[in-house]
Novice: 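My questions all concern the structure below.
Keep in mind that this is a model prediction, so the values were computed, not measured.
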Amino acid sequence: MTTTSTAPIAFNRLLLTGAAGGLGKVLRERLRPYAHILRLSDIAEMAPAADHEEVQPCDLGDKQAVHQLVEGVDAILHFGGVSVERPFEEILGPNICGIFHIYEAARRHGVKRVVFASSNHVIGFYPQDQPLDTHSLRRPDGYYGLSKSYGEDMASFYFDRYGIETVSIRIGSSFPEPHNRRMMHTWLSFDDLTQLLERALYTPNVGHTVVYGMSDNLNVWWDNRYAAHLGFVARDSSEVFRKQVEAQPMPAADDPARLYQGGAFCAAGPFGD
Ligand code: NAI
Ligand code: 15L
């Protein structure tokens, strides 16, 4: 099956949060065709703005600052926040208050489309090899996964109550290449991520759609049948990295990296004892 571009018209202004992060730096270049002006935001330092860019530092935990950040944008790609397992108190401001601030600002400024960087860690406590779809009950594997789960609920509520549409992408592992055996299943190439973002921005009538973000890997755990309307067809595969990944020692049979879909995140904590 071939796909055609669904990006007929560039948005006037797109907001990308998390622009200083690993994916944010990649997307800063790749989102260029989709907006006349790309507004970039992070709490960390960002490279200076090019002609087609605006750089606006912001703490997602600051409601008023997020309100100002969202003014004048046509859609939001929300990638900012804590991206690994941390104590609850560190997740609360950036991720939990942060997602509320993003949606409240979207409501007040009339923004109608959000793309939310959710995570596989909302279902991380399922055993590896258990097939899941986007209707499977969530099993978050920590405070980080819980914050993404809450983000998905926030997206659902803001669609039902205010008609703001969201595509929540449960990203697997989006890096230049898979780092380990688990990521052979969860890997999402940057090209496939970019295609998925294009679909998430341009597909009409998405309501709140949840989609797993993984490439066309062998033996995937996740089924995107309920997100078929996005027309996302992954083109890359982790197979090309199999030899180098399988040169690594096999984790022990009781290692969470081998047991759970969320891998090592399932064994993080407790914190603060
Ligand atoms: P990252 O940690 O490199 O980037 C996150 C960015 O958010 C950082 O630049 C950080 O400074 C910023 N940030 C943190 N707290 C903030 C605050 N209070 N206010 C404003 N900005 C703040 O993570 P990465 O890998 O680029 O991921 C981007 C997004 O995608 C994250 O939301 C992450 O949870 C999600 N994701 C990424 C996956 C991956 O494989 N890279 C997998 C699943 C989800
Ligand atoms: C995530 O949610 C993290 O943000 C990323 O750093 C990876 O750990 C990824 O999941 C993963 O599960 O591989």
Side-chain angles (χ1 to χ4, degrees), residues 15-24 40-44 56-71 73 75-109 111 113-126 134 136-162 164-172 174 200 208-213 261-273:
L15 168 63
L16 174 67
T17 67
L23 293 182
L40 302 156
S41 186
D42 205 292
I43 201 169
Q56 194 165 330
C58 174
D59 179 352
L60 289 162
D62 180 338
K63 188 175 185 184
Q64 187 53 31
V66 175
H67 182 73
Q68 286 166 9
L69 180 66
V70 170
E71 185 171 14
V73 309
I76 301 169
L77 297 123
H78 183 45
F79 278 69
V82 174
S83 66
V84 292
E85 180 59 348
R86 298 296 303 154
F88 179 77
E89 293 78 2
E90 290 181 34
I91 303 252
L92 178 61
N95 292 23
I96 294 180
C97 297
I99 193 84
F100 166 63
H101 296 159
I102 286 285
Y103 277 100
E104 258 309 271
R107 180 188 68 76
R108 290 171 68 188
H109 289 299
V111 179
R113 180 64 60 104
V114 177
V115 181
F116 172 47
S118 185
S119 170
N120 71 89
H121 294 284
V122 304
I123 46 83
F125 254 121
Y126 278 100
T134 51
S136 303
L137 286 180
R138 289 174 238 163
R139 293 180 74 176
D141 59 24
Y143 306 114
Y144 166 69
L146 281 162
S147 76
K148 294 293 185 180
S149 182
Y150 180 74
E152 291 186 7
D153 284 337
M154 188 71 79
S156 180
F157 166 69
Y158 271 83
F159 173 65
D160 289 337
R161 179 66 182 84
Y162 300 111
I164 297 173
E165 295 194 298
T166 297
V167 176
S168 291
I169 306 176
R170 290 183 184 166
I171 303 172
S174 196
H208 177 221
T209 295
V210 178
V211 61
Y212 290 101
Q261 298 196 5
F265 280 51
C266 296
F271 301 100
D273 288 349

Novice: Do any N or O atoms from the side chain of S41 and from the backbone of Q56 form a donor-acceptor pair under 3.5 angstrom?
Specialist: yes
Novice: Does the side chain of S156 come within less than 4.5 Å of D160's, by heavy atoms?
Specialist: yes
Novice: How close do G61 and H101 get, heavy atom to heavy atom, and via which atoms?
Specialist: O-CE1, 3.2 Å
Novice: Could you check Y212 against T134 for side chain to side chain contact (heavy atoms under 4.5 Å, CB included), going step by step and ending with a plain yes or no?
Specialist: CA-CA 8 Å; Y212 290 101; T134 51; 3.5 Å; yes
Novice: Kindly give the heavy-atom pair with the smallest separation between A19 and D42, and that separation in Å.
Specialist: N-OD2, 3.3 Å
Novice: Side chain of Y126, backbone of R138: donor and acceptor closer than 3.5 Å?
Specialist: no
Novice: Assess whether side chain to side chain contact (heavy atoms under 4.5 Å, CB included) is satisfied between L60 and H78, documenting all intermediate values.
Specialist: CA-CA 10 Å; L60 289 162; H78 183 45; 3.8 Å; yes
Novice: Which atom pair, heavy atoms only, marks the closest approach of P140 to G145?
Specialist: CB-C, 3.8 Å
Novice: Under the 3.5 angstrom rule, does the side chain of E85 hit a backbone N or O of Y143 as a donor-acceptor pair?
Specialist: yes
Novice: Does F265 have more than 12 heavy atoms from other residues, nucleotides or ligands lying within 6.0 Å of its CZ?
Specialist: yes
Novice: Between D59 and I43 (side chain of the first, backbone of the second, donor and acceptor by atom type, cut-off under 3.5 Å), is there such a pair?
Specialist: no
Novice: Please answer whether the main-chain N or O of H67 pairs with a side-chain N or O of H109 as donor and acceptor at a distance below 3.5 Å.
Specialist: yes
Novice: Looking at every non-hydrogen atom in both residues, tell me the closest pair between N95 and S147 and how far apart they are.
Specialist: ND2-OG, 3.1 Å
Novice: Given Y103, which of F157, Y158, Y150, F116 fulfils the ring pair (Phe, Tyr, Trp, His ring centres under 6.0 Å) condition?
Specialist: Y158
Novice: Specify the closest pair of heavy atoms between V167 and A200, including all atoms of both residues, with the distance to one decimal.
Specialist: CB-CB, 3.7 Å
Novice: Can you find a heavy atom in the side chain of E90 that is under 4.5 Å from one in the side chain of F271?
Specialist: no
Novice: Assess whether a salt bridge exists between D141 and K148, defined as any Lys/Arg side-chain N lying under 4.0 Å from an Asp/Glu carboxylate O.
Specialist: no
Novice: First locate atom CD of E104, then atom CD1 of I99, and finally report the distance between them rounded to the nearest 0.5 Å.
Specialist: 12.0 Å
Novice: Go through S119 and I171 one step at a time and tell me if the side chain to side chain contact (heavy atoms under 4.5 Å, CB included) criterion holds.
Specialist: CA-CA 5 Å; S119 170; I171 303 172; 5.8 Å; no
Novice: Please assess V111 against I164 for the test side chain to side chain contact (heavy atoms under 4.5 Å, CB included), listing each intermediate value before the final yes or no.
Specialist: CA-CA 7 Å; V111 179; I164 297 173; over 6 Å; no
Novice: Please check if the side chain of R113 supplies one atom and the backbone of T166 the other of a donor-acceptor pair under 3.5 Å.
Specialist: no
Novice: About how many Å separate NE2 of H121 and CZ of R139, when rounded to the nearest 0.5 Å?
Specialist: 15.0 Å
Novice: Would you call E152 and R170 a salt bridge, using N to O less than 4.0 angstrom?
Specialist: yes
Novice: Considering non-hydrogen atoms only, spot the tightest contact between N120 and G262 and give its length.
Specialist: OD1-CA, 4.1 Å
Novice: Rounded to the nearest 0.5 Å, what's the gap from OG on S149 to CE on M154? Could you check?
Specialist: 11.5 Å
Novice: Does any N or O in the side chain of T17 come within less than 3.5 Å of the main-chain N or O of F79, such that one atom is a donor and the other an acceptor?
Specialist: yes
